Amino acid sequence: MDVSRPEYVPDPSLSRDEMEALQREIADVALFEDGFAFDPSAIEFDSPVDLGDDDQHRLTGDGPIVAGVDQAFLDDGDRALSAVVALQDGRVVDRAYAVVDTEIPYIPGLLSFREGGAILAALSNLAVEPDLLVVDGSGRIHFREAGLATHIGVTVDVPAIGVAKNLLCGTPAEPIPDRMAEGDRIPIEADERVETAEPGTVIGHAVQTRQYQSGSTSINPLYVSPGHRVSAVTTADLVSQCAAGYKLPEPTRLADRKADRLKREGGEA
DNA sequence: GCGACAG
DNA sequence: ATCTTGTCGC
């Protein structure tokens, strides 16, 4: 698949102010409501998916194509590896990856300018056209409502959602308990730190995709938010539906695995 | 100055 | 993200 809006491709050479200005533009054109044609209830994972062997040609089926995206960094620290795994009807239908030189360090709030290039390069190597992108990181849960998932979703103009393991900003509608039950969700509302939204606006959810039945240890929830063309509630629904026994939703879990595998097998020299 | 911060 | 073995608990 290719870039739909070249003007939004993340440029690491921009100044911090220019990056923030671009994010405000992106948040302005992003759609934080459902704006897709596929049937969200058609996306379900009853059991974990197998990654399978490399580069096998697979036939595509009928259901929506969901692509998970994740990054890893090569040992030289100067290159980012982005892996994409496309799933349909509970099976892998395509995979792609790309290795891109890292231009800037990690800066909270500007993650897309560090990893965005690698992601777009990986997506350009994907043969199928995803109906939904599941990106590791925040979407609307961001200082300017333009996190990694939003930036990527708007740039390729494909429905996208963000899945993060930690909360970047915003405030839970109610305190996150020490232990949330599987399936539970708590709204995340915009606070003073989200400079582009009115405080109280629901910008995402804490979602518990997996939890131990009992015991002293518990699994923390995921923090999911709309990227583009998906509402906050639908985002939480989709993440829950993509879970298959693991904390991470299948698309992201497989992309994670793929990135790690490529990192070790691939050139890190 | 202090706090807070995805990957 | 990444550095990293064993180990506590289901």
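What you see is a predicted model; the values in this text were computed from it and never measured. Below, read A as the first sequence line, B as the second, and so on, with proteins coming before strands; counting in each chain starts at 1. Worth knowing before you read on, the calculation uses all heavy atoms, side chains too, and leaves out hydrogens, waters and symmetry mates.
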Student: Send over the distance from A:E192 CD to B:dG3 P, rounded to a whole Å.
Tutor: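 In whole Å, B:dG3 P lies 17 Å from A:E192 CD.
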Student: CG of A:L148 versus P of B:dA6: gap in Å, rounded?
Tutor: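 Answer to the nearest Å: 13 Å.
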Student: Could you check A:S216 against A:D256 and say which one's nearest nucleotide on DNA chain C is further toward the 5' end?
Tutor: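 Counting from the 5' end, the first nearest nucleotide belongs to A:D256.
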Student: At under 4.0 Å between heavy atoms, what does A:I119 touch on the DNA or RNA strands: base, sugar-phosphate, or nothing?
Tutor: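 No contact at all - A:I119 keeps every heavy atom at 4.0 Å or more from the nucleic acid.
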Student: Return a table of donor-acceptor pairs under 3.5 angstrom between the side chains of residues 97-118 of chain A and protein atoms on other chains or two or more places apart.
Tutor:
unit_1, atom_1, unit_2, atom_2, d
A:S112, OG, A:H151, ND1, 2.8
A:R114, NH1, A:I104, O, 2.7
A:E115, OE1, A:Q71, NE2, 3.1

Student: For A:D2 and A:S124, does a side-chain donor sit closer than 3.5 Å to a side-chain acceptor?
Tutor: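 No donor-acceptor contact under 3.5 Å links the two side chains.
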Student: What nucleotide among C:dG9, B:dC5, B:dG7 has an atom nearest to a side-chain atom of A:R114?
Tutor: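 Taking heavy atoms from C-beta onward, the closest nucleotide is B:dG7.
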Student: Is the distance from OP1 or OP2 of C:dA1 to the nearest side-chain N or O of A:K263 less than 4.0 Å?
Tutor: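 For C:dA1, neither OP1 nor OP2 has a side-chain N or O of A:K263 closer than 4.0 Å.
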Student: Rounding to an integer number of Å, can you tell me how far A:R193 CZ sits from B:dA4 P?
Tutor: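 My rounded result for the distance is 9 Å.
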Student: Taking the nucleotide of DNA chain C with the closest heavy atom to each, which residue, A:K165 or A:Q213, is nearer the 5' end?
Tutor: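 Nearer the 5' end of the strand: A:K165.
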Student: Rounded to the Å, how far apart are A:F143 CZ and B:dG7 C1'?
Tutor: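 Nearest whole value for this atom pair: 13 Å.
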Student: Using atom types as modelled and distance alone, determine if a side-chain donor or acceptor of A:K258 lies under 3.5 Å from a backbone N or O of A:L51.
Tutor: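 No, A:K258 side chain to A:L51 backbone: no donor-acceptor pair under 3.5 Å.
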Student: Can a side chain N or O of A:N166 be found less than 4.0 Å away from OP1 or OP2 on B:dC5?
Tutor: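 It does not, given that no N or O in the side chain of A:N166 lies less than 4.0 Å from OP1 or OP2 of B:dC5.
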Student: Indicate yes or no for a side-chain donor-acceptor contact from A:E182 to the backbone of A:Q211 under 3.5 Å, with no hydrogens or angles considered.
Tutor: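 A pair under 3.5 Å: yes.
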Student: Verify the stacking flag for A:Y106 against C:dA1: centroid separation must be under 5.5 angstrom and the ring planes must differ by under 30 degrees.
Tutor: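 Per 5.5 Å and 30° rule: no stacking.
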Student: When all nucleic acid strands are considered with a 4.0 Å heavy-atom cut-off, which category describes A:T217: base, sugar-phosphate, or nothing?
Tutor: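 Nothing: the residue A:T217, judged by heavy atoms under 4.0 Å, touches no strand.
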Student: Rounded to whole Å, how long is the line connecting atom CG of A:D70 with atom P of B:dG7?
Tutor: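 The answer, rounded to whole Å, is 10 Å.
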Student: Using atom CZ of A:R264 as one end and atom C1' of C:dC3 as the other, report the distance to the nearest whole Å.
Tutor: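 Atom-to-atom, A:R264 to C:dC3, this comes out as 15 Å.
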Student: Give the rounded distance in Å between these two atoms: CG of A:L168 and C1' of B:dA6.
Tutor: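 Going from CG in A:L168 over to C1' in B:dA6 covers 5 Å.
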Student: What does A:G162 touch in the nucleic acid at a heavy-atom separation under 4.0 angstrom: a base, only the sugar-phosphate, or nothing?
Tutor: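 Here A:G162 touches no strand at all.
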Student: Would you kindly say whether A:E145 and A:T196 are connected by a side-chain donor-acceptor distance under 3.5 Å?
Tutor: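 Judged by distance alone, the side chains do pair up.
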Student: Compare the minimum distances between each of B:dA6, B:dG7, C:dC3 and the side chain of A:D136, then state the nucleotide with the smallest one.
Tutor: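 Nucleotide nearest to A:D136's side chain: B:dG7.
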Student: How is A:A72 classified with respect to the nucleic acid when contacts are heavy atoms under 4.0 Å: base, sugar-phosphate, or nothing?
Tutor: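 Sugar-phosphate contact only - A:A72 comes under 4.0 Å of backbone atoms but never of a base.
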Student: Roughly, in whole Å, what's the span from CG in A:D191 to P in B:dG3?
Tutor: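 It works out to 18 Å between those atoms.
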